[in-house]
There are 2 protein chains.
Amino acid sequence: MLISQANDYAVRSLIYIVKNSQYKKIFTTKEVAEKLKISRIFLAKIFQKLANKGLINSMKGVKGGVMIIKDTDKITLYDIFEAVDGIPVLRKCIYNRKICSLNYDCGMNKFFNKTQKLLENELKKVTIVNLAKKSNY
Amino acid sequence: MLISQANDYAVRSLIYIVKNSQYKKIFTTKEVAEKLKISRIFLAKIFQKLANKGLINSMKGVKGGVMIIKDTDKITLYDIFEAVDGIPVLRKCIYNRKICSLNYDCGMNKFFNKTQKLLENELKKVTIVNLAKKSNY
DNA sequence: CCAAAATAGGATTAAATTAGTCTTGTTTTA
DNA sequence: TAAAACAAGACTAATTTAATCCTATTTTGG
Ligand code: FES
Ligand code: FES
């Protein structure tokens with residue numbers, strides 16, 4: 001599967017936050033993990049990565065938690081995936097001996113490069129507000 | 001990575017066969033494996049699968065080997081992937097508890113369904129003769 | 001007719017990747 | 001100053017993917 005669990009959790013968490021931020025902006029990992037029924041410490045790791053890339057801000061201490069800081073209709077799937085587990089790639093090759101054992105272009109590269117771009121474009125089209133609207137939670 | 005090693009080997013093997021079938025039609029696993037520098041027995045497995053799906057024919061015995069039987073400009077990446085390791089899927093979910101722990105639509109499903117179709121269309125566009133022409137081997 | 005060269009197919013193992021946890025530390029607030 | 005939070009790196013577990021092994025069966029040439 002192309003989309004890793006962590007990438008997926010990240011998106012869902014942000015959707016959760018967006019859909020619940022009328023009354024508050026700061027959410028603890030605990031709350032989000034419980035609501036989405038995922039591991040708290042795994043989610044903490046994910047939030048760390050999102051924070052490092054400046055999508056969210058995280059605050060330590062008793063009243064701490066995370067808060068989305070990037071404009072929510074500018075956060076795309078591309079941004080999130082890039083921050084968490086990296087943009088998923090269809091096929092690594094481009095004469096990389098370790099992967100394809102060839103040292104010439106077998107013909108697939110052009111195709112995969114093109115399709116990869118197509119996929120990335122799609123990822124860039126979808127924003128988190130977009131998804132939040134579609135989510136029927 | 002979305003495209004498995006086996007799917008990839010399959011494509012490359014068929015390209016090899018297409019590019020070398022002016023003088024003969026039957027190729028042994030040994031020959032192809034050596035030329036592409038991949039494992040003979042692993043490739044044998046791959047050919048089995050292609051044979052089971054009717055893309056190639058395989059003949060036992062001393063003068064045996066495999067032969068492409070489906071019209072080479074009708075064999076697409078889609079066909080090959082489907083035969084070998086299955087069509088790669090971007091993200092399995094659709095409320096599958098084992099995968100997403102949710103039981104509602106988080107909003108990503110619509111997007112992934114659409115993008116999956118897009119990808120599959122691309123796979124259906126590319127034929128093996130197509131690739132063979134582009135290969136610079 | 002039998003040895004050698006092929007494929008067939010199921011079982012198994014090995015390697016690599018991905019998912020998740022642990023441990024220790026720091027910050028913040030009541 | 002204790003409790004509740006996040007930080008970060010090391011580590012482990014689980015899963016998936018890649019590859020091999022083993023035991024047939026088929027075919028053909030000598
Ligand atoms: S897979 Fe390496 S050149 Fe095509
Ligand atoms: S990942 Fe399961 S509903 Fe979205």
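By convention in this document, chain letters (A, B, ...) are assigned in the order of the sequence lines, proteins followed by strands, and residues within each chain are numbered from 1.
- Atoms CD1 (A:I26) and C1' (C:dT27) sit 14 Å apart, rounded to a whole Å.
- No more than 12 heavy atoms of other residues, nucleotides or ligands shown are found within 6.0 angstrom of NZ on A:K117.
- Applying the ring-ring contact (aromatic ring centres under 6.0 Å, His included) test to every pair with at least one member in residues 105-125 of chain B, sequence neighbours left out, gives no pairs at all.
- Remark: B:K124 NZ is packed, more than 12 non-hydrogen atoms of other residues, nucleotides or ligands lying under 6.0 Å away.
- Shown are B:K70, B:K74, B:K125; of these, the salt bridge (Lys or Arg N to Asp or Glu O under 4.0 Å) with B:D79 is made only by B:K70.
- Between the CE atom of B:M67 and the P atom of C:dA6 there is a distance of 17 Å, given to the nearest Å.
- Of the residues in residues 41-50 of chain A, those placing a heavy atom less than 4.0 Å from an atom of DNA chain D are A:K45, A:Q48, in numerical order.
- Looking at every heavy atom in both residues, A:T72 comes nearest to A:I128 through O-CG2, 3.0 Å.
- OP1 or OP2 of C:dT21 lies within a sub-4.0 Å distance of a side-chain N or O belonging to A:S39.
- Nearest heavy atom pair, residue B:T127 against residue B:D73, reads CG2-O, 3.5 Å.
- Here D:dA14 presents its P atom at 16 Å from CD of A:Q5, a figure rounded to the nearest Å.
- Although no hydrogens or angles enter the test, the distance criterion places a donor-acceptor pair under 3.5 Å between the side chain of A:Q116 and the main chain of A:L90.
- Phosphate contact (OP1/OP2 of C:dA19, side-chain N/O of A:Y9, threshold under 4.0 Å): absent.
- Overall bending of the helix from C:dC1-D:dG30 to C:dA30-D:dT1, expressed as the angle between end axes built from five pairs apiece, is 10° (10° steps).
- Between the CG atom of B:N7 and the C1' atom of D:dA19 there is a distance of 15 Å, given to the nearest Å.
- Here the closest non-hydrogen pair linking B:P88 and B:L119 is O-CD2, 4.3 Å.
- Within residues 27-34 of chain B, no residue has a heavy atom under 4.0 Å from DNA chain D.
- There is a path of hydrophobic side-chain contacts, each under 4.5 Å, that joins A:Y78 to A:I68.
- With A:K25 contributing its side chain and A:S21 its backbone, the two residues share a donor-acceptor pair below 3.5 Å.
- Summarising the geometry, the separation between NZ on B:K37 and P on D:dA19 is reported as 16 Å, rounded to the nearest angstrom.
- Applying a 4.0 Å cut-off to non-hydrogen atoms, the residues of residues 52-65 of chain A that approach DNA chain D are A:N52, A:S58, A:M59, A:K60, A:G61, A:V62, A:G65, listed by residue number.
- Here the closest non-hydrogen pair linking A:V32 and A:F27 is CG2-CB, 4.0 Å.
- Residues A:D85 and A:N7 come closest through the heavy atom pair N-OD1, 3.1 Å.
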Show me the side-chain donor-acceptor pairs of residues 38-67 of chain A shorter than 3.5 Å, one per line, residues at least two apart or across chains.
unit_1	atom_1	unit_2	atom_2	d
A:S39	OG	A:I41	N	3.4
A:S39	OG	A:F42	N	3.0
A:K49	NZ	A:V84	O	3.4
A:N52	ND2	A:Q48	O	3.4

